[in-house]
Amino acid sequence: MSYSKNTDAKWQKKWAETGLYKYDEQAKGDKLYCLEMFSYPSGASLHCGHWYNFAPMDTWTRFKKMQGYNVFHPMGFDAFGLPAENYAIKTGIHPKDSTLKNIDTMTKQLIAMGANYDWNYSLNTCDEEYYKWTQWIFVQLYKKGLAYQKEAPVNWCPSCQTVLANEQVKDGHCDRCDSLVVQKNMKQWFFKITAYADELLEKIDGLNWPEKTKKIQKNWIGKSHGSLITFDIDNGTQLKAFTTRADTLYGLSYVVIAPEHPAVAGLTKPECKEAVEKYVADAAKVKEIDRLSTERERTGVFTGSYATNPVDGRKVPVWVADYVIASYGTGFVMAVPAHDERDYDFAVRYKLPITRVIVDKDGNEQSLPFCDHGRLTDSQEFSGMTTEEAIPAIVAKLAKEGKGELTTMYRLRDWLISRQRYWGAPIPMIHCPHCGVVPVPESDLPVKLPYDVEFRPDGESPLKRCPEFMNVKCPVCGADAQRDPDTMDTFVDSSWYFLRYPDAHNDKEVFNKDKIDRMCPIDMYVGGQEHATMHLLYARFFTKALRDMGYLDFDEPFNALVHQGMILGPDGQKMSKSKGNTINPDIYVDKYGADAVRLFFEFAFSYTDGGPWSDSGIESMARFIKRVESLFEKEKTLTDAGAVMTEKEKELDFVRNSTIKAVTHDLNLIQFNTSLARMMEYLNALTGYMNGPVNKAFLDECLKTYVVLLAPFAPHLAEELWEAMGQPYSVFNQPWPSVNAQALVKDTIQMAVQVNGKVRGQLTASVNDSKEQLIEKALQVDTVKKFIGDTPVKKAIVVPNKLVSLVV
RNA sequence: GCGGAUAUGGCGGAAUAGGUAGACGCAACAGACUUAAAAUCUGUUGGGACUUUGCUCCCGUGCCGGUUCGAUUCCGGCUUUCCGCACCA
């Protein structure tokens, strides 16, 4: 017998035939819902990133099953999306055809990996059975007021020919194709994620997530405490400004409005009209390009209008400037150049007054702009107060006239979900000339995505060109109406898939409430960190919205979260086709077997770090497998020296039990690399033991322990060894070994002896030695004597089982 | 610019309620087997010193300092690389 890819095939077949992976909801053991982020079948096959995400977690879930948990571990496909569509445009192959073919290939690869998914619980987001419920959720959100349409400046990717959510724009570029994103005013569908901003922020602290991810998400939500201050404008209107520094109000020198703000036209005096209109038009054109420059000059124009500072009645000019963001706060800000860098630069450029109203806490005048908190000066009755005292005081004064209030503001914007693309779930809304926007009745769902459509994008949704799809009767009045031609962002599909798995084939409801409440939240969720402000945020929002609509009873979808690291090319660079450093894992599976590839990914780096692919690394894993096999081969040739437990047997038993202890501990912490290091040490100990006379019955027990411990890591090899030992199928029905505490107690211990903090010698201690006896022994060590000489020992510290430290 | 992380042999990486730094593996070198090579097995392997080659000594976890009998681990200040955000008022 020799492990190879044939071994893989043999056991994969047997596992499938015997239903080893079948999930039984009624089975004994605590439920453990473990999930990896499902894969995107845009490429033709699984790549190293998938393998690194899935294979080690397969090991982990197998371990948990052996520990007695009732593990639910499904897998599906995030099948809609731009890459499949772009591939279709390039090749002419319909996205549905390529996607289904890729899903088929990837499923086979996952099976070839040895992954223990129960495919009866699988799902695929481009399946009508699935997107029917995606649309159903859209309708519920609409009815709840959480889905709405608005005309707004949106991010437009000219290459993908679609709008994008804020979260999908990185450095002003499209997250998918890297094209420069431009701004466009369009009427689009939004989900009101901001309604949950507070809860999304607060509940994050209770989650067992990586701290960094929590921080990224918190910053993205970006709560800030401040005040809304109302300004009277000389055209008779009022505008509110959001500020975190109401204490600087006496230093006001002008106010600024964003170019996209609807009030701009009304503010502009005839003599300024030409300049303002030109500025607004230019701002729209160059804005996104210039945003990339951090050295960008702040520009603006005067509108001709004046605003009144509500705190002292002074008039200040109203400017238009594109350093004000229309979509944050009110799009209108108060400018205090002395205490804000941006306002300072702007004031210097346009020769606007700069008035100091804050000094530092000690009363010293710092150089301007001085942006720290401090103490007020030249601020009437508020002079002398600190920033912290002055803010509520000034707002209270303004509040009497209805011109000030404390408030909070969020950086988070509502989630724009319309996409002018073909390959997604159609938005289930109908536009009727009489009734306006009407949701598709639930009984008419799904709104099927038509197959025969010219899907090349031209800035309008491809579905618009499909009259059979577009033309519909209004469900309310029966008049001729039009469907919404857009499809939903694919992040909508993935915002609830984990809720569908436990009840994947329910055709009556989105999911059964009892079932979902029993199975969720997810106990362990594993996927890339790049989803921190996208999928992981959207999924939390969906869970909360569905909870508030009564469909489930928990607050958070993912109790624990782990990010696997990234696998790099052999050159240490990110894998990419253009660099030519990609690795196809299939080739290695074919050559060395799935277990060798699994072991490589698990042993070569810490799971959360990842690292470069290495051919010699994978060869070393193949070598490890051979060493394990030859050990078991050798065992058959040994003769029994009798059932005696000598020091050698005790030593091996010590290693066996400390291996069980360490592997269990490290696997619980998702530390595959150190677990396997312990397995190698145990292998080395077995090899050493088998060079001498052996107690066969005892050795047999040690080898059985070895196979059971190895099983989650190298499942095919372990089944083969288990069978070869004459043990009944399957090794995965074996309980996880427990530690015999007795075996870990040693009679004598090696301890270090330190003199003034430096190790100078070793001593052999007996477990029963008292502190005094240990110190006495330490003083007798030759090398220690040399360093102490005649100097008296001032102090002696004993660290049990570790060392004796002498201070002279 | 702000925020977060990171730094350990030739390489991947171990070890932190402060306690023998370098586990485990790779690569390298030497030996065994072989006509030879590969494979396999065994051994050595952080750097340096030696008029005691040793159960020897000195140095060593990015840099500088501090606390401690003792610091990879804690504190203060830098530097590097990576990541997140980036006119958020």
Side-chain angles (χ1 to χ4, degrees), chain A residues 170-172 210-220 222-224 226-227 241-245 248 256 290-296 298 321-325 327-336 339-343 345-346 371 409-413 529-530 532-533 572 599-600 603-606 609-621 623-624 626-627 630 662 666 671 673-681 683-684 687 691 750-762 781-783 786 793-808:
Chain A
K170 306 276 175 204
D171 282 339
E211 288 305 317
K212 182 174 183 180
T213 308
K214 290 194 199 178
K215 193 106 191 177
I216 290 173
Q217 208 169 91
K218 279 185 187 176
N219 289 344
W220 185 262
K223 184 176 188 172
S224 57
S227 330
F242 175 74
T243 179
T244 54
R245 294 297 302 274
T248 63
V256 208
D290 272 6
R291 279 185 68 160
L292 297 175
S293 160
T294 42
E295 297 301 309
R296 175 138 195 262
R298 287 178 243 287
D322 67 2
Y323 78 87
V324 177
I325 300 167
S327 53
Y328 180 75
T330 61
F332 175 73
V333 301
M334 53 176 254
V336 182
H339 305 296
D340 182 284
E341 273 184 37
R342 293 155 299 180
D343 300 345
D345 291 348
F346 195 82
C371 306
M409 206 55 82
Y410 295 91
R411 189 190 167 286
L412 182 71
R413 314 292 154 79
Q529 186 171 45
E530 66 274 17
T533 57
L599 288 167
F600 168 71
F603 180 68
F605 351 83
S606 98
D609 289 351
W613 176 271
S614 148
D615 276 4
S616 67
I618 197 157
E619 278 161 22
S620 82
M621 290 302 111
R623 202 146 52 219
F624 168 70
K626 277 193 198 128
R627 284 173 55 211
S630 62
D666 289 358
Q671 292 174 0
N673 56 342
T674 49
S675 305
L676 280 168
R678 299 293 88 80
M679 288 301 288
M680 290 171 184
E681 283 170 340
L683 179 70
N684 293 341
T687 308
N691 282 333
Q750 285 298 114
M751 288 174 73
V753 183
Q754 290 185 345
V755 178
N756 288 342
K758 293 200 169 185
V759 179
R760 296 303 183 187
Q762 299 283 325
V781 176
D782 284 346
T783 44
K786 196 166 77 184
V793 174
K794 275 194 285 187
K795 197 169 146 192
I797 298 147
V798 176
V799 182
N801 299 326
K802 293 240 162 104
L803 55 78
V804 178
S805 183
L806 304 169
V807 187
V808 297

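Chain A is the first sequence line, chain B the second, and so forth, proteins listed ahead of strands; every chain is numbered from 1. Just so you know, these numbers come straight off a predicted model, no measurement behind them.
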### Query
So does R413(A) reach the base of C88(B) with its side chain, donor to acceptor, closer than 3.5 Å?
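Flag set: donor-acceptor pair detected.
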### Task
Indicate syn or anti for G12(B), taking the glycosidic torsion and treating anything within 90° of 0 as syn.
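What G12(B) shows is an anti base, its glycosidic angle lying more than 90° from 0.
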#### Entry: Anti versus syn assignment for C64(B), with syn defined as within 90° of 0
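That one's anti.
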When the [atom1] atoms of [M] and [N] are compared, how many Å lie between them, rounded to an integer?
{"N": "C41(B)", "M": "U61(B)", "atom1": "C1'", "value": "34 Å"}
{"N": "A5(B)", "M": "G9(B)", "atom1": "P", "value": "22 Å"}
{"N": "A23(B)", "M": "C74(B)", "atom1": "P", "value": "23 Å"}

Please tell me which of the listed nucleotides, [options], lies nearest to the side chain of [X]?
{"X": "I325(A)", "options": "C69(B), G13(B), C88(B)", "result": "C88(B)"}
{"X": "N756(A)", "options": "A89(B), C69(B), C85(B)", "result": "C69(B)"}
{"X": "K215(A)", "options": "G4(B), A89(B), C58(B)", "result": "G4(B)"}

Grab the [atom1]-[atom2] distance between [X] and [N] for me, whole Å please.
{"X": "K218(A)", "N": "A5(B)", "atom1": "NZ", "atom2": "C1'", "answer": "16 Å"}
{"X": "K786(A)", "N": "G54(B)", "atom1": "NZ", "atom2": "P", "answer": "13 Å"}
{"X": "K795(A)", "N": "G70(B)", "atom1": "NZ", "atom2": "C1'", "answer": "10 Å"}

### Task
With RNA chain B as reference, determine whether Y323(A) or F605(A) sits nearer its 5' end, using the nearest nucleotide of each.
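This one resolves to F605(A).
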#### Entry: nucleotides 17-29 of chain B: protein proximity per nucleotide (B base, S sugar-phosphate only, - neither; heavy atom, under 4.0 Å)
--BB--BBSSS--
### Task
First locate atom CZ of R760(A), then atom NZ of K786(A), and finally report the distance between them rounded to the nearest 0.5 Å.
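Those atoms lie 8.5 Å apart.
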### Query
What stems, by residue range, does RNA chain B take part in, given at least 3 consecutive Watson-Crick or G-U pairs under 3.5 Å?
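The stems that RNA chain B takes part in, listed by first number, are B:1-5 with B:81-85, B:10-12 with B:24-26, B:28-32 with B:40-44, B:46-49 with B:56-59, B:62-66 with B:74-78.
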#### Entry: Shortest non-hydrogen separation from D345(A) to R298(A) and the atoms involved
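Where D345(A) meets R298(A) most closely, the heavy atoms are OD2-NH2, 3.2 Å.
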### Message
Looking at G4(B), I'd like to know if its phosphate oxygens (OP1 or OP2) sit under 4.0 Å from a side-chain N or O belonging to K212(A).
### Response
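The answer is no; no side-chain N or O of K212(A) sits under 4.0 Å from OP1 or OP2.
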